Visitor: 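Here it is, the structure in full.
Just so we're clear, the structure is a prediction, and the values are computed from it rather than from any experiment. Order of the sequence lines sets the chain letters (A, B, ...), proteins ahead of strands, with each chain counted from 1. FYI, side chains are in, hydrogens and waters are out, and symmetry mates aren't considered; it's all heavy atoms of this structure.
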Amino acid sequence: MTAQTAEITVSAQGLSRKFGAHTAVDNVSLELKRGEILGFLGPNGAGKTTTMQMLTGNLAPTSGTISICGVDLFEHPTLAKARIGYLPEHPPLYRELTVLEYVDLAARLHRVAKAGRAAAVAEALARCGLADVAQKLIGALSKGYQQRVGIAQAIVHRPDVVILDEPTVGLDPNQIREIRGLIHELGANCSVILSTHILPEVESVCDHVQILHHGSTAFTDTIAGLKQFHGGRMVLLGLKRPPPAADIAAVAGVARVEPAGDTLFRVSFADNADPSEELARRAAEKSWGLYRLAPAQSSLEDVFVHLTQKEEQT
Amino acid sequence: MIFTIAGKELKALFASPLAWLVLTFLQLILAFGFLKRLDDFMQIQPQLIQMANPPGITELVAAPVFATTAIVLLFAVPLLAMRLIAEERRNQTMVLLISAPLSMTEIVLGKFAGLMVFLLLIIGITTLMPLSLLLGGSLDFGLLLSLVIGAALLAACFAAVGLYASCLTAQPLAAAMIAFSLLLGMLLAGETAADGLRGRDLQVPAALAQVLSPLKNFEPFAKGVLDSYSIACMLLLVAVFLILTIRRLDAARLRG
């Protein structure tokens with residue numbers, strides 16, 4: 001099992017894609033091992049979908065290489081594609097088919113052997129909670145169910161890599177929770193790449209995150225690394241009688257102070273420093289009326305804004 | 001794998017009212033033409049008997065029925081083929097096929113095969129009408145077989161052009177218009193060019209121009225002649241348009 005966990009399923013090096021003069025994706029690399037869930041994060045137009053289209057062989061990259069489980073996607077496209085399950089932004093559904101017919105078709109197209117096909121289809125339907133609507137026409141289903149049919153299509157051939165482009169868009173909170181549960185389950189024995197611009201989604205589902213901005217990688221690390229990168233370096237400071245910001249900035253180890261409301265401040269720490277204790281002591285001493293000293297929550301959002309805006313400035 | 005896609009296309013065709021409408025109208029037109037021809041044949045039969053080598057019922061009734069089918073196919077195939085790729089692109093369902101472990105050739109051949117099965121069904125019901133004459137007489141099976149083969153090849157030519165037109169656009173109706181214009185233009189150009197060039201005794205260019213006109217190539221079949229050059233022309237036309245379609249779709253992946 002340990003050998004399997006270490007197996008690299010997706011490896012993409014130096015992916016670039018140009019549309020005429022416009023560069024949609026610029027030198028993006030990623031590597032994923034079995035059992036890992038990678039979250040692609042980025043604002044609209046950051047190149048998430050283009051990258052996924054390239055990873056699934058729907059779009060040829062201008063430069064770069066992709067290999068799926070060691071199989072080169074461009075030299076042996078059919079072998080590599082057999083190991084990928086892909087749910088595009090718009091689920092590719094045939095409205096005139098029933099759910100069962102459609103998932104069965106997807107299984108045939110992915111060359112699932114006849115002997116195990118019925119079982120594979122039944123399993124995919126069960127995992128996506130579609131067993132009750134198997135005989136309904138896809139066109140008659142609600143958006144949430146259609147999305148699930150799209151996921152069923154992507155997992156029916158038990159791929160090693162599942163690529164989901166915004167899988168929870170347009171779903172209600174209960175359905176989102178179910179889909180996230182399913183993604184977790186998938187992550188147990190294959191690699192999952194999902195794209196989203198919903199920040200908590202990445203936090204709750206993924207164990208790796210890659211932030212794209214203007215087509216290039218702005219940040220890539222594990223979720224834990226991301227939290228550490230950010231959470232340890234910034235606190236939210238609430239003072240009932242706030243002094244001038246310069247007074248707070250004067251505390252040793254404080255790198256930057258930004259007002260975040262009348263009495264709230266975002267305090268960034270300098271590298272390898274933790275002036276929380278010092279801040280508390282200083283606040284008590286000078287009677288600033290400390291009522292809050294907490295690691296800045298919504299951490300991903302901050303990192304996101306921070307990274308993407310930083311890039312814009314450069 | 002080609003059969004899987006062909007099956008899917010057939011299912012999609014029969015799920016739409018278009019296929020049923022085409023079958024219904026075709027049947028109406030054919031039945032009318034067939035009965036009219038049969039009526040005429042009955043009236044001139046006394047004169048025919050006096051002739052030394054009279055044309056048979058197959059030549060006088062079956063051949064015109066197939067000629068009608070050929071014309072109906074010219075109108076119907078662009079409509080039946082328009083959805084094959086254009087609609088998949090419009091509904092963004094092409095991704096399912098492209099993401100699956102299939103080559104573009106398999107996808108295109110599968111779609112072509114699906115449409116061909118439907119067109120063979122049309123030819124099948126066309127054949128049933130002359131066959132019904134067996135109840136009261138005999139048929140020239142050689143001529144009938146030649147007609148069926150000719151009609152199948154003609155349908156294949158139209159289908160290949162229709163499939164190519166369908167990959168040019170994401171609007172099914174536009175695809176039908178392109179296919180229809182393309183076919184009509186090819187028929188006219190091929191026919192006039194072939195005749196004109198042959199008139200000036202330019203045999204080789206005339207023979208090449210004939211490739212363009214499937215209807216011209218259908219003519220020998222209607223006389224019961226299995227002309228190998230006509231067969232080659234039609235197969236060449238089918239191959240060219242299928243290859244163009246495959247290349248076009250492959251290019252779409254590069255261009256995005």
Visitor: With heavy-atom distances below 4.5 Å as the criterion, would you say the side chains of A/N58 and B/R253 are in contact?
Guide: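 No, too far: nothing below the 4.5 Å cut-off.
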Visitor: Determine whether A/T78 and B/L102 satisfy the following criterion, side chain to side chain contact (heavy atoms under 4.5 Å, CB included), listing intermediate values before the conclusion.
Guide: CA-CA 6 Å; A/T78 50; B/L102 306 169; 5.6 Å; no
Visitor: For atom CZ of B/R89, decide whether the heavy atoms of other residues, nucleotides or ligands shown that lie under 6.0 angstrom number more than 12.
Guide: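 More than 12 heavy atoms, drawn from other residues, nucleotides or ligands, come within 6.0 Å of this atom.
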Visitor: Find the one option among B/V95, B/T4, B/N91 whose heavy-atom pairs under 4.5 Å with chain A are most numerous.
Guide: B/V95
Visitor: Looking at chain B, which one of A/R111, A/Q53, A/E89, A/E96 has the largest number of heavy-atom pairs inside 4.5 Å, strictly under?
Guide: A/R111
Visitor: So for A/L97, is it side chain, backbone, both, or neither that comes closer than 4.5 Å to the heavy atoms of chain B?
Guide: side chain
Visitor: Would you find more than 12 non-hydrogen atoms of other residues, nucleotides or ligands less than 6.0 Å from A/K136 atom NZ?
Guide: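 Check fails, neighbour count at 12 or below.
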Visitor: Could you look at A/P77 and say if it's the side chain, the backbone, both or neither that has a heavy atom under 4.5 Å from chain B?
Guide: neither
Visitor: How far apart are the C-alpha atoms of A/Y94 and B/K8, what are their side-chain angles, what is the distance that settles it, and do they pass the side chain to side chain contact (heavy atoms under 4.5 Å, CB included) test?
Guide: CA-CA 10 Å; A/Y94 295 116; B/K8 168 189 106 60; 3.2 Å; yes
Visitor: For B/F25, I'd like to know if atom CZ has over 12 heavy atoms of other residues, nucleotides or ligands within 6.0 Å.
Guide: no
Visitor: Do other residues, nucleotides or ligands put more than 12 heavy atoms under 6.0 Å from B/F3 CZ?
Guide: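 Open.
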Visitor: Evaluate the side chain to side chain contact (heavy atoms under 4.5 Å, CB included) criterion for residues B/S99 and A/I84: first the C-alpha distance (whole Å), next the side-chain angles of each, then the deciding distance (0.1 Å), finally the verdict.
Guide: CA-CA 8 Å; B/S99 307; A/I84 305 176; over 6 Å; no
Visitor: Name the region of A/L109, side chain, backbone, both or neither, that has any atom closer than 4.5 Å to a heavy atom of chain B.
Guide: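 Looking at A/L109, backbone and side chain both touch chain B.
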Visitor: Determine, stepwise, if the pair A/Y86 / B/I98 fulfils side chain to side chain contact (heavy atoms under 4.5 Å, CB included).
Guide: CA-CA 10 Å; A/Y86 177 38; B/I98 294 177; over 6 Å; no
Visitor: Would you call A/H110 and B/P101 a side-chain contact if the rule is heavy atoms closer than 4.5 Å?
Guide: yes
Visitor: Any chance NZ of A/K143 has more than 12 other-residue heavy atoms, nucleotides or ligands included, within less than 6.0 Å?
Guide: yes
Visitor: For chain A, find its close neighbours in residues 103-132 of chain B: heavy-atom separation under 4.5 Å, sorted by number, or none.
Guide: B/S103, B/E106
Visitor: Other residues, nucleotides and ligands only: do more than 12 of their heavy atoms fall within 6.0 Å of CZ on B/F32?
Guide: no
